[in-house]
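These values consider heavy atoms only, across backbone and side chains, with no hydrogens, waters or symmetry-generated copies. Atoms within each ligand, like the ligands themselves, are counted from 1 in listed order. Quantities reported herein were computed from a predicted structural model and do not represent experimental measurements. In what follows, residues are counted from 1 in the order of the sequence shown.
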Amino acid sequence: MTANTPGARQIWCAVLGELQLQVTRPSYETWLKGTVGIAQLDGEFIVGTPNAFVAEMLEQRMYTLISQTVERVIKGPADIRFQVIQDDESDEIKEAGSPRTTGAQASFSPGGPGLPQADDDQRQPAQPPSRLNPKYTFDTFVVGKSNELAHAAALAVVENPGATYNPLVMYSDVGLGKTHLLHAIGERMRAQGLRLIYATTEEFTNDYIKAIREGKTEEFRLRYRNADVLLLDDIQFLIGKEQTQEGFFHTFNALHMSNRQIVITSDRPASALKTLERRITSRLAGGLVVDIQPPDLETRLAILRAKAELMGLDVDPVVLEMLGTRAHRNIRELEGSLNRLVAYADLTRRPINVDLVVQVAADTRQQEEAHQVSEEAVLEGVSSYYKIDIETLKGRKRDRKTALARQVAMYLLREEANMGATAIGRLLGGKDHTTVLHGCRTVENQQNVNDRLRMDILKIRESLAG
Ligand code: ADP
Ligand code: MG
């Protein structure tokens with residue numbers, strides 16, 4: 001699928017024609033009339049709305065109806081995304097009769113809100129200070145065996161931007177310090193007066209799509225290519241976005257050829273990024289790839305000590321040891337355990353000591369057990385969210401909607417009800433366990449690239465928690 005603005009507009013007109021027959025007149029006048037078809041790309045169909053309120057209403061109340069209608073018209077699958085049309089919308093779209101926006105929401109631009117557009121002064125810093133988390137600096141980064149390579153590489157890049165390791169790719173499981181290091185690099189480079197662009201891959205994608213939609217790809221190119229440093233967080237989100245990969249590839253090449261530093265993070269190993277275009281993976285491999293491992297006990301304790309000190313607390317080493325020796329999947333959870341303890345002490349006005357650690361641990365375990373969801377609850381949650389009855393979920397029907405709902409059920413049965421694949425298969429009318437595993441994996445992967453699915457799952461989870 002390609003970006004095709006006029007095509008998108010025509011498609012949307014056809015969709016509106018059909019929707020007009022299906023919804024009440026006031027509903028149509030209020031919510032749908034001012035919308036325009038903006039673009040169709042990467043399996044997404046983007047609809048422009050006059051304001052955030054309309055976008056939200058359509059998203060919440062009419063999503064299914066709209067997506068089904070679009071899919072009928074284009075004869076293929078599409079995720080619908082609603083986007084507020086900006087004040088500076090291209091004339092083209094205004095001519096199409098869409099209302100001008102009031103209070104247009106500023107969508108991401110790597111130049112940052114309030115900074116000039118590309119046709120203004122290009123010498124502005126490419127980044128407002130607020131985009132980097134001031135807590136994520138080299139000073140607050142605790143170095144241990146698990147991350148010393150990444151740390152050293154990050155420092156080398158700061159000292160010699162564009163020269164030594166380009167690109168620098170940092171890879172690890174979630175919560176092990178990639179974003180922290182990336183921001184630390186950014187902070188140092190900004191202090192050196194370099195123009196940097198920091199973006200998550202999702203922001204990069206949105207920015208690129210916006211540029212295409214507005215016919216401003218040249219400005220996009222200029223803006224990015226004017227940066228001295230490009231910091232791109234979570235590149236795994238490029239998986240499945242062919243159109244954006246194209247944009248990324250050209251941006252990357254332009255920067256790389258003029259020796260601008262590029263730093264990228266990923267929470268997948270290079271092998272799992274295989275589905276990215278080959279030309280991209282080979283470019284990434286041309287630089288330095290470093291990974292960050294889970295911290296050993298010594299590093300975990302050092303991190304806890306540093307965090308306690310940052311909070312101005314004098315915590316008994318035994319307490320820190322108790323926290324540090326527990327199984328934590330990552331540093332974010334490790335921090336979380338300390339934060340929880342401190343909050344608990346505050347709330348109950350008790351000192352932070354060994355007794356309290358034991359108490360908090362017991363309470364946490366109890367809460368977790370209470371949170372365990374029953375298999376019936378998951379099935380009911382999925383069934384009522386997708387409006388498909390449980391028998392159908394358990395049955396053989398295989399249209400797209402049912403198949404999706406069934407896979408989401410598999411995934412949530414595993415995640416929320418802690419069931420194994422065989423048990424899930426049995427519950428769902430005798431499906432093979434490999435089918436279940438495939439379903440879970442599909443949902444897991446799709447969540448990374450499909451915002452809609454992520455929202456669906458979030459909402460079902462919320463309904464389970466309530
Ligand atoms: P990732 O991007 O790999 O998912 P983050 O960079 O967001 O992980 O790190 C998760 C949390 O752990 C952050 O609050 C970060 O400050 C903290 N953290 C990670 N590594 C370290 C470290 N070596 N020293 C201190 N804090 C760390
Ligand atoms: Mg991160």
### atom 20 (N) of ligand 1 [closest protein heavy-atom partner, distance rounded to 0.1 Å]
Ile331 CD1, 3.3 Å

### Query
Among protein heavy atoms, which sits nearest to atom 19 (C) of ligand 1, and what does the distance come to when rounded to 0.1 Å?
Gly177 CA, 3.4 Å

### Message
Can you tell me if, anywhere in Thr265, an N/O/S atom lies at a distance from the Mg ion (ligand 2) that is smaller than 2.8 Å?
### Response
no

### Query
If you measure from atom 15 (C) of ligand 1 to every heavy atom of His180, Lys178, Lys135, which option wins on shortest distance?
His180

### Query
What's the shortest distance from atom 7 (O) of ligand 1 to any protein heavy atom, and which residue and atom give it?
Arg332 NH2, 2.8 Å

### Query
Is any NZ, NE, NH1 or NH2 atom of the basic residue among Arg223 and Asp207 found under 4.0 Å from an Asp or Glu carboxylate oxygen of the other?
yes

## Note on the structure
If you scan protein heavy atoms around atom 17 (C) of ligand 1, the nearest is Glu335 OE2, 3.1 Å

### Query
Considering only protein heavy atoms, which is closest to atom 13 (C) of ligand 1, and at what distance to one decimal place?
Tyr136 OH, 3.5 Å

## Note on the structure
Among non-hydrogen protein atoms, atom 2 (O) of ligand 1 lies closest to Thr179 OG1, 2.8 Å

### Query
Using 4.0 Å as the upper bound for N to carboxylate O, is an ion pair formed by Glu218 and Arg221?
yes

### Message
Counting neighbours of CD on Glu309 that are heavy atoms of other residues, nucleotides or ligands and sit closer than 6.0 Å, is the number greater than 12?
### Response
no

### Query
If you measure from each non-hydrogen atom of Thr140 to ligand 1, which part falls under 4.0 Å: side chain, backbone, both or neither?
backbone

### Message
Counting only nitrogen or oxygen atoms and a 3.5 angstrom limit, does Gly175 reach ligand 1?
### Response
yes

### Query
With a cut-off of 4.0 Å, which atoms of ligand 1 are near a heavy atom of Val174?
4 (O)

## Note on the structure
Asn147 heavy atoms within 4.0 Å reach ligand 1 at atoms 23 (N)

### Message
Would you say that more than 12 heavy atoms from the other residues, nucleotides or ligands in this model lie under 6.0 Å from the CD of Gln192, or not?
### Response
yes

### Query
Within the structure, does Phe141 bring an N/O atom to less than 3.5 angstrom of an N/O atom in ligand 1?
no

### Query
What is the ring orientation for His151 with Phe141, classed by angle as parallel under 30°, tilted 30 to 60°, or perpendicular over 60°?
parallel

### Electrostatic pair Glu71-Lys401, nearest N-O below 4.0 angstrom
no

### Query
Step by step, would you call Tyr198 with Leu132 a side-chain contact (heavy atoms from CB on, under 4.5 Å)?
CA-CA 8 Å; Tyr198 166 83; Leu132 297 176; 4.0 Å; yes

### Query
Near Lys145 NZ, under 6.0 Å, is it more than 12 heavy atoms from other residues, nucleotides or ligands?
no

#### Entry: Within-cut-off N or O pair, Val142 and ligand 1, under 3.5 Å
yes

### Message
Tell me the protein heavy atom at minimum distance from atom 26 (N) of ligand 1, and give that distance in Å.
### Response
Lys307 NZ, 3.2 Å

### Query
In terms of ring plane angle, is the pair Phe252 and Phe248 parallel, tilted or perpendicular, where the classes change at 30° and 60°?
tilted

### Query
What class does the angle between the rings of Phe204 and Phe220 fall in, given that below 30° is parallel, 30 to 60° is tilted and above 60° is perpendicular?
perpendicular

